[in-house]
Amino acid sequence: MAGTPGISPSSQPCKPARLLHDSLLHWADAAAPGSRTALVAHGQSYSYGQLAQAARRMAGALHNLGVRRGDRVAIFLDNSWPCVVSIYATLIADAVVVIVNPQTKEEKLELILRDSGARVLASADHLARTFLPVVRRLEPRPAVICSGRLPQQPGIDSFEDAIAPDRSPDTTASGIPLDLAAIIYTSGSTGAPKGVMQTHQAMAFTVRSLIEYLRLGAEERILCALPLSFDYGLYQLLISVTLGATLVLERSFTFPAQVYARIRDEGITVFPGVPTLFATLLAAHQRSPLSFPSVTRITNTAAALPDDFIPGLRQIFPHALIYKMYGLTECKRVSYLEPELIDAKPGSVGKAIPGTEVYLLSETGEPVPAGEVGILHVRGPHVMTGYWNRPDLTTEMLKPGKLYGQWVLCTHDLFRMDAEGFLYFVGRTDDI
């Protein structure tokens, strides 16, 4: 039987990965101790065994703090070893990951913690100035697990203690794929955070679909200089662990020269970016030519990748397939353009990702002919279950589908679709 594209049959998990953390536990058990690198963070390498062990111990610590199935754990951390451990510890504990951008200010952090009802906050000492005043105002007050030097404050536990060898690992997992895995907060046009609810089933499906169309395998070394609080960054981690590959984690793209050195030193094969990041690369290339021949995949999302970036990116990444993509947090990814068509279909963001479908409707709900502008609708297992605590906003986005009992995502984005089914972004209905 043929294996998943991009994954050799011998490297596939021996049983279905129904929950997001199943792959981590599989690779930890399948590999000889220390033989398979899961993560490189700030120059330090961690094996799948080390990551699984630390995550299971921290899951035990979360359980001791009262975290139970379905409880929310807020993760307010930079891209780091503690952040990755906290994500998988939360999943192993059958809890729900709520990742918060470490640049979030007090007011918005408080809003997210109140709205999510987080039972525990995982953070770091250098962020204490932001999170401590918020935690003091909350009632009930969440427990805190903090890496680094502990603030002088009751109710704060050490991350280092939570993953210590004498910590009992979590063994109580009982989750199923329909359980919530994450609430990903996104700011809409009003600027108020909205919590997008995603189940294990939806996120695991999305990861497999991304792996398929990106043609990825277990040998990948994926660079992530995007924040893990951004779903594009988070999925780099999930993809890497699902594959049994290696994620090379950078705190940010603030120091490009450091990132360039990391690409060369670590033999990076996958480079995810956004247009502003690629603009920085291209500007540096103009001053002093860059070349990263190890990279075989370039991916772009968020804003559209300008067509005039392509020639320069081909010079910088001479062996890379370049993927234009479109998505939104409410379903992670909508479409991608096959890299072989990037010249033939300028301006297009391609077709629906594997296992999903898209179509355009008019404002009155009628199908839109090829070439005309319509509102994009998305159908697939990756569509969110709704917004946390916001049934009013949920009904604006989730609409009855063409088939009985199904719901589709109304993106409120305007697109054209050509006669071959390729999508072209036009704008937002709000803008019109």
Side-chain angles (χ1 to χ4, degrees), residues 11 13 17 19-62 73 75-93 97 99 102 122-126 145-148 158-170 207 216-229 233-252 258-259 261-270 272:
S11 69
L19 304 175
L20 286 177
H21 53 279
D22 285 348
S23 294
L24 170 62
L25 301 180
H26 165 74
W27 293 122
D29 292 340
S35 66
R36 198 179 194 101
T37 300
L39 180 71
V40 179
H42 315 302
Q44 176 68 46
S45 295
Y46 301 91
S47 71
Y48 273 89
Q50 287 174 304
L51 177 54
Q53 185 178 66
R56 292 185 69 224
R57 288 171 178 169
M58 184 173 173
L62 292 174
V73 174
I75 300 170
F76 182 50
L77 285 161
D78 296 293
N79 286 7
S80 60
W81 166 247
C83 185
V84 173
V85 172
S86 297
I87 290 168
Y88 277 99
T90 302
L91 296 171
I92 291 170
V97 172
I99 304 188
S123 193
D125 53 0
H126 68 280
I145 296 178
C146 183
S147 64
S158 163
F159 168 79
E160 289 72 23
D161 288 346
I163 64 170
D166 60 350
R167 174 69 67 177
S168 297
D170 184 89
V207 168
L216 301 177
E219 72 285 353
E220 308 301 348
R221 298 181 67 82
I222 303 173
L223 180 75
C224 184
L226 306 161
L228 293 175
S229 55
L234 174 62
Y235 272 86
Q236 305 310 314
L237 171 62
L238 299 176
I239 287 171
S240 185
V241 170
T242 299
L243 286 167
T246 299
L247 184 76
V248 179
L249 193 61
E250 285 293 303
R251 194 174 295 274
S252 70
Q258 180 177 306
V259 177
R262 196 79 73 193
I263 296 172
R264 295 190 182 99
D265 295 345
E266 296 290 344
I268 295 301
T269 63
V270 182

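Quick note: numbers below take in every heavy atom, side chains included, and nothing from hydrogens, waters or symmetry partners. Computed from a predicted structure; not experimentally measured.
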To the nearest 0.5 Å, what is the distance between NE2 (H126) and SG (C146)? 9.5 Å

Just so I know, are the side chains of E266 and L223 near enough to count as touching, which here means a heavy-atom distance under 4.5 Å? no

Less than 4.5 Å apart, side chain to side chain, heavy atoms only: is that true for C224 and P272? no

Shortest non-hydrogen pair, A218 vs R36, comes out as CB-NH2, 3.7 Å

Roughly how far, to the nearest 0.5 Å, is CD of Q53 from CZ of R167? 13.5 Å

With the side chain counted from C-beta on, respond yes when I87 and L234 share a heavy-atom pair under 4.5 Å apart, and no when they do not. yes

For the residue pair V85 and Y46, establish whether any side-chain heavy-atom pair is separated by less than 4.5 Å. no

R262: partners by side-chain hydrogen bond (donor to acceptor under 3.5 Å, both in side chains), with sequence neighbours left out: E250

Any residue meeting side-chain hydrogen bond (donor to acceptor under 3.5 Å, both in side chains) with S252, in chain and number order, not counting sequence neighbours: T254

Can you tell me how far the CG atom of D78 sits from the CZ atom of R251, to the nearest 0.5 Å? 4.5 Å

Shortest non-hydrogen contact between W27 and L243, atoms and distance: CZ2-O, 3.4 Å

Do you know which of L238, V241, L91 makes side chain to side chain contact (heavy atoms under 4.5 Å, CB included) with L24? V241

Residue pair C83, I75: steps toward the side-chain contact (heavy atoms from CB on, under 4.5 Å) verdict: CA-CA 7 Å; C83 185; I75 300 170; 4.0 Å; yes

Point-to-point distance, once rounded to the nearest 0.5 Å, from CG of L77 to OG of S229: 10.0 Å

I145 side chain near L62 side chain, heavy-atom distance below 4.5 Å: yes

Of the non-hydrogen atoms in Q50 and S45, which two are nearest, and what is the gap between them? OE1-O, 4.0 Å

Less than 4.5 Å apart, any side-chain heavy atom of L249 and any of L228? yes

So, does T246 use its side chain to make a donor-acceptor pair with the main chain of T37 at under 3.5 Å? yes

Using every non-hydrogen atom in the two residues, find where A162 and A61 come nearest and quote the distance to one decimal. CB-CB, 3.9 Å

Do the non-hydrogen side-chain atoms of S86 and M58 ever get within less than 4.5 Å of each other? yes

Using the test side-chain hydrogen bond (donor to acceptor under 3.5 Å, both in side chains), find all partners of S158 that sit at least two apart in sequence or belong to another chain. E160

If I take atom CG from residue D29 and atom OH from residue Y48, how far apart are they, to the nearest 0.5 angstrom? 13.0 Å

Kindly compute the distance separating CZ (F159) from CG (D125), expressed to the nearest 0.5 Å. 12.5 Å

Going through the distances and angles, do L25 and R56 end up as a side-chain contact (heavy atoms from CB on, under 4.5 Å)? CA-CA 9 Å; L25 301 180; R56 292 185 69 224; 4.1 Å; yes

Please report the closest heavy-atom contact between L20 and Y88, naming both atoms and the distance. O-CE2, 4.0 Å

Decide yes or no for E220 and S240: does some side-chain heavy atom of the first lie under 4.5 Å from some side-chain heavy atom of the second? no

Please name the pair of heavy atoms, one in L51 and one in A38, separated by the smallest distance, quoted to 0.1 Å. CD2-CB, 4.2 Å

